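One structure below.
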Amino acid sequence: MLRLLYNAMMDHPRNSLGGFWHKEVYPWQMWLDGLYMASPYLAQYAQVNNKPELLNDVIMQFLIVEKFMRDPVTGLYFHAWDEKKVQKWCDPVTGLSHHFWGRSIGWWYMALVDVLDFVPENHPLRDKLLVIADELARTLPEFQHDGLWYQIVNLEEREGNYQEATASAMFMYAVAKAVNKGYIDRRYNKIATEAYDGIMKKLIRIDKDGTVNITQCCMVAGLGGNPYRDGSFEYYINEPIRDNDPKATGPFIMGCIELNK
């Protein structure tokens, strides 16, 4: 099965730079979400099977995203990039989507931190990944409110935006682990501890029967497809919100483990 998954990824379509398409139905598009779905697995596969060229391939995915999808003004990352610049959701000049969706950045940061586990200390590109990790750690507090981050990270004052659990839990985990592993400075641990406090104070609900719930989870968000998702602010804030989405509970549990190390 592991080899089957590896072979499937090696046959997966790519853009002209070698970046994996998010899916075959989303041609020429890289989404932040996709870095988590493939990269940690491929990095570990590369280590276990002594495939340095595969590890270089994985690292290249991050470097492409950092080059084309990071906003130099805010330090945040746009949700997606269409190399051909033809999607209705993208800027026709840059090919970038228009908003900083919290969970997509959370997926990206978790992927980066998890992949670093498999990059040797003497790898020539390791320092570049560490710089990327540090830059985002410096950026996150600028958009953290009561320990949490909003569905659209930089538009906290816009009506309808809300403090979102999956992104907040993902940032909590990624920062706490990065600190524990020495990927970023220990002073950044405050980001994770404040995220934990914010989740506990504002997003945890305990029912009368003792059931513990994590609330305000965006169920799903994407771009394109049918019906077409246009990537507007109104689109992101109107996707369904639910309790106990695994994309919040999983990172929250992993983040708690890291904070207790």
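No experiment lies behind these values; they were computed from the predicted model shown. Heavy atoms only: backbone and side chains are in, while hydrogens, waters and symmetry mates are out.
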Does some side-chain heavy atom of [Y] sit less than 4.5 Å from a side-chain heavy atom of [X]?
X: Val93; Y: Lys85; value: no
X: Lys23; Y: Trp21; value: no
X: Val153; Y: Glu142; value: no
X: Thr74; Y: Phe143; value: yes
X: Leu136; Y: Leu140; value: yes

Would you say the side-chain atoms of [X] and [Y] include a donor-acceptor pair closer than 3.5 Å?
X: Asp230; Y: Tyr236; value: no
X: Asn180; Y: Glu258; value: yes
X: Tyr228; Y: Gln87; value: yes
X: His99; Y: Tyr235; value: no
X: Asn213; Y: Thr215; value: no
X: Tyr6; Y: Asp11; value: no

Run the ring pair (Phe, Tyr, Trp, His ring centres under 6.0 Å) test on Trp31 and Tyr26 for me, step by step, so that the C-alpha distance in whole Å, both residues' side-chain angles and the decisive distance to 0.1 Å come before the verdict. CA-CA 10 Å; Trp31 298 14; Tyr26 301 127; 4.7 Å; yes

Take Phe100 and Tyr77, measure what ring pair (Phe, Tyr, Trp, His ring centres under 6.0 Å) needs, and give me the verdict at the end. CA-CA 6 Å; Phe100 306 115; Tyr77 287 79; 8.9 Å; no

Check this for me, if you would: do Glu135 and Arg70 make a salt bridge, where the nitrogen-to-carboxylate-oxygen distance has to be below 4.0 angstrom? yes

Dump the intermediate steps for side-chain contact (heavy atoms from CB on, under 4.5 Å) on Ile184 and Val113, then the final yes or no. CA-CA 10 Å; Ile184 58 177; Val113 172; over 6 Å; no

Could you give the distance from NZ (Lys88) to CG (Asp82), rounded to the nearest 0.5 Å?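 Here the interatomic distance stands at 13.0 Å.
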
For the residue pair Tyr150 and His145, is the inter-centroid distance of their aromatic rings smaller than 6.0 Å?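 Distance test on ring centres: under 6.0 Å, yes.
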
